[in-house]
Amino acid sequence: MKQQRHILVIGGGLAGLAAARYLQAAGATVTLLEREREVGGRARTALVDGYAFELGAEFLASFYTRTLALVGELGLHQHLQRIPRSSAILRDGQLYPLWPNLRLAFTHLIRSQQKLPLTYLLASLARHRTRLDLYAFHKAYPIDDQDVSSYALAHFSRELLEYVLQPPIAGIFYWTPERTSRALLLLVLKAGFSRPTGLQLFTLRGGLGGLARALAGDLQVRLGVEVRTITPQTEGGYTLHVQDEDGVATLEADGIVIATTATAVPHLLPWLDHERRRFFEAIVYSQTANLALGTRTPLPQATYGLLFPRRETPFLASATLQTVKDPTTAPAGRAALCLHLSGPATAALRQQDDDTLARLMLADLRRLLPMYDPTPGLEVQRLYRCPEALPEFNVGHFQRLKAFADGAIEQGQIVFAGDYLGGPFIEGALVSGEQAAQRLLQRMA
Ligand SMILES: Cc1cc2nc3c(=O)[nH]c(=O)nc-3n(C[C@H](O)[C@H](O)[C@H](O)COP(=O)(O)OP(=O)(O)OC[C@H]3O[C@@H](n4cnc5c(N)ncnc54)[C@H](O)[C@@H]3O)c2cc1C
């Protein structure tokens, strides 16, 4: 690549930050543009009256090889801590620990005879293992043929679907099994069970927002700059029309990484042809609302993540005890808790105001698990809406990723990054950013 050519990265989420960091390390001149007043996107931590609440991402998983390496490279390893007592699923008023390892076979959450067909799942994992590549999701396109609900009903049982598969899908991704490809299920299971210790969860002390801040470290970042449209110049390069606090301006770039959510792309590139526009428009995001609560009321400390099957409630999908994950997220003697509304409930209730939603979520928690009621000593309550939570990896998405990997989408000196390409979690966002940076360097060579 010629020296002095200027690259703009649009979006300061983890994908954009990883791309910018990679490009800068390769010697490029890079500026990152972020429309918000801080970096992190869907992986930010809010500090409110001595409490720290995750606004999006809550944990890192032990199979996030690249993320965990980056934590070391950024000098954050002393802040990395394992989350104990990771999760439990509610059934008939009782919490069943969800061991993310082979001890799952002994859970009383479902009846013993329901567990036998799980051997089919293990056989499927073995049969498709070469297609299940966490760093190349598109390889799984041949098994992107059935949603998780149809797959579970065909091979397992409704009970297993409703009490083992649906709660994590809803509580972590805010999707439904009907809108999840079985390819995604097999990919995540293979990654999760690939280690002898099983799946372990980690966080960064003080909140995962620290990862984005560390990544931004020595990058040139402009906050509060929203890119409106990008126009190709006839002589090569691009003009970006941006809005910042001083008004409307234009910027020039030789190469661009677009690291926004997929839904933003057709607005940024109004000149996209029909096929490419359809690619981005087909990507749908789940939604949720996060009710962050700080309380003097002591709450049970037995488990970090509580998953609520839709059979038990149509409202809450999950609750996370922030202070079990990391005691520094609340002042001494206090507890911090986040409640997450299910994807379908968030869509159905989107017209309701914040107070109504908060009341409904708290009432649901009191009904489901009265001992977790934070209201007697409640001192902080904030509702954060997340209209674009996680990109659905529904049936058809792996076919789209195959077309993307085959080069049918990117053109010129513009590349794309984001969790909709790399996988619906932090690891996917970071890796997609680094992969996009590599492709741009090749295109500009
Ligand atoms: C509620 C929730 C819980 C989650 N829990 C976990 C978890 O526990 N573990 C996990 O691994 N993952 C989790 N995730 C997923 C994880 O947060 C995301 O996969 C990841 O952060 C996505 O990063 P990204 O860079 O692809 O996108 P984003 O973080 O969305 O970044 C895109 C950025 O682009 C900016 N932008 C958009 N348009 C423009 C524009 N026109 N001009 C300038 N800037 C623009 C946005 O402001 C944003 O900062 C969770 C997500 C949510 C929402």
Side-chain angles (χ1 to χ4, degrees), residues 8-20 31-45 53-64 67-68 83 86-87 168 171-175 188 191 201-203 208-209 211-212 215-216 221-230 240-244 251 256-265 267-269 283 285-292 304-305 317-318 320 325 338-341 343 346 384-391 393 416-433 436:
L8 289 176
V9 175
I10 306 172
L14 294 174
L17 289 163
T31 307
L32 184 143
L33 308 174
E34 167 55 50
R35 72 174 169 204
E36 301 294 335
R37 300 302 319 175
E38 60 174 335
V39 293
R42 283 172 282 149
R44 280 182 287 163
T45 307
F53 300 111
E54 302 292 17
L55 296 190
E58 287 254 351
F59 58 79
L60 308 175
S62 43
F63 61 82
Y64 292 8
T67 309
L68 294 172
I83 305 175
S86 63
S87 43
I172 296 173
F173 301 115
Y174 312 102
W175 309 323
V188 172
L201 305 185
F202 297 89
T203 189
L208 283 181
L211 182 57
L215 272 168
V221 176
R222 286 187 57 192
L223 298 172
V225 180
E226 178 170 5
V227 180
R228 293 287 174 82
T229 53
I230 301 168
L240 286 78
H241 306 270
V242 306
Q243 168 93 47
D244 62 15
L251 299 172
I256 299 176
V257 180
I258 299 184
T260 63
T261 49
T263 49
V265 175
H267 302 287
L268 292 170
L269 308 177
I283 296 161
Y285 286 76
S286 62
Q287 43 184 306
T288 185
N290 174 1
L291 183 63
Y304 152 62
S318 56
T320 46
K325 177 169 106 162
C338 287
L339 306 182
H340 307 275
L341 200 57
T346 313
Y384 300 100
R385 292 179 192 246
C386 199
E388 289 191 321
L390 274 305
F393 278 61
F416 300 95
D419 58 352
Y420 66 97
L421 295 169
F425 27 63
I426 285 177
E427 179 81 347
L430 285 172
V431 169
S432 82

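Counting convention: from 1, in listed order, for ligands and their atoms alike.
- Closest heavy-atom approach to atom 4 (C) of ligand 1 within the set Pro424, Ala57, Ala262, Gly11: this belongs to Ala57.
- The shortest heavy-atom distance from Tyr174 to ligand 1 is under 4.0 Å.
- Under the 3.5 Å distance criterion, the side-chain polar atoms of Glu54 are matched with a main-chain donor or acceptor of Leu208.
- Across all non-hydrogen atoms, the minimal contact from Leu390 to Pro424 is CD1-O, 3.4 Å.
- Residue-ligand proximity, Gly41 to ligand 1, at heavy-atom distances under 4.0 Å covers atoms 29 (O), 48 (C), 49 (O).
- Between the Tyr174 side chain and the Leu341 main chain, no donor and acceptor come within less than 3.5 Å of each other.
- Near Ala389, meaning under 4.0 Å from any of its heavy atoms, are these atoms of ligand 1: 53 (C).
- Here Leu33 has backbone heavy atoms under 4.0 Å from ligand 1, and that is the only part of it that gets that close.
- Smallest separation of non-hydrogen atoms from Gly11 and Leu32: O-CD1, 3.7 Å.
- With hydrogens and angles ignored, the 3.5 Å screen pairs a side-chain donor or acceptor of Glu427 with a backbone N or O of Thr67.
- Side-chain atoms of Glu58 and Thr203 form no donor-acceptor pair, as typed in the model, at a separation below 3.5 Å.
- At a heavy-atom cutoff of 4.0 Å, ligand 1 is contacted by the backbone of Ala259 but not by its side chain.
- Checking side-chain atoms of Ser318 against main-chain N and O of Gly171 turns up a donor-acceptor pair under 3.5 Å.
- An N or O contact shorter than 3.5 Å links Asp419 to ligand 1 by distance.
- When all heavy atoms are compared, the tightest approach of Ile426 to Ala57 is CD1-CB, 3.5 Å.
- Across all non-hydrogen atoms, the minimal contact from Val39 to Ala212 is CG2-O, 3.8 Å.
- Residue Ile426 has at least one heavy-atom neighbour below 4.0 Å for each of these atoms of ligand 1: 10 (C), 11 (O), 12 (N).
- Considering backbone and side-chain N/O of Arg42, one or more are found under 3.5 Å from N/O of ligand 1.
- Checked against a 3.5 angstrom limit, the closest N/O atoms of Glu226 and ligand 1 fall outside it.
- Of the protein's non-hydrogen atoms, Gly13 CA, 3.3 Å is the one closest to atom 31 (O) of ligand 1.
- Scored by the salt bridge (Lys or Arg N to Asp or Glu O under 4.0 Å) test, Arg385 finds Asp354 as partners (sequence neighbours excluded).
- Below 30°, between 30° and 60°, or above 60°: for Tyr64 and Phe425 the angle between ring planes is between 30° and 60°, a tilted geometry.
- Residues Gly209 and Thr45 share a closest heavy-atom pair of N-OG1, 2.8 Å.
- Counting only distance, with no hydrogens or angles, the side chain of Ser286 and the backbone of Phe173 share a donor-acceptor pair below 3.5 Å.
- By the criterion of a heavy-atom distance under 4.0 Å, both the backbone and the side chain of Arg35 are placed next to ligand 1.
- Close contacts of ligand 1 with Ile10, meaning ligand atoms under 4.0 Å from a residue heavy atom, involve 42 (N), 43 (C).
- Of the polar atoms of Glu34, at least one N or O is found under 3.5 Å from an N or O of ligand 1, judged by distance alone.
- The shortest non-hydrogen separation linking Ala15 to Ser432 is CB-OG, 3.8 Å.
- Listed by number with element, the atoms of ligand 1 under 4.0 Å from a non-hydrogen atom of Ala15 are 25 (O), 26 (O).
- Residue-to-ligand polar distances keep Ala264 apart from ligand 1: every N/O pair is separated by 3.5 Å or more.
- Heavy-atom contacts of Glu36 reach the following atoms of ligand 1: 47 (O) (cutoff under 4.0 Å).
- When Leu14, Thr320, Val39, Val225 are ranked by how near their heavy atoms come to atom 43 (C) of ligand 1, first place goes to Val225.
- The shortest N or O to N or O distance between Leu268 and ligand 1 is not under 3.5 Å.
- Within the structure, ligand 1 has Leu390 among the residues with a heavy atom less than 4.0 angstrom away.
- The N/O atoms of Tyr64, backbone and side chain alike, include one that comes under 3.5 Å of an N/O atom in ligand 1.
- Here the protein heavy atom with the shortest distance to atom 23 (O) of ligand 1 is Ala429 CB, 3.5 Å.
- Residue Val227 has at least one nitrogen or oxygen atom sitting less than 3.5 Å from a nitrogen or oxygen atom of ligand 1, judged on distance alone.
- Within the listing of ligand 1, atoms 26 (O) sit less than 4.0 angstrom from a heavy atom of Gly418.
- In summary, the atoms of ligand 1 found under 4.0 Å from a heavy atom of Glu58, numbered by their order in the structure, are 5 (N), 6 (C), 7 (C), 8 (O).
- Under 4.0 angstrom from ligand 1, the non-hydrogen atoms of Cys386 all belong to its side chain.
- Ion pairing between a basic and an acidic side chain is recognised when a charged N comes within 4.0 Å of a carboxylate O; Asp244 and Arg222 show such pairing.
- Among the atoms of Leu55, none of the N or O lies under 3.5 angstrom from an N or O of ligand 1.
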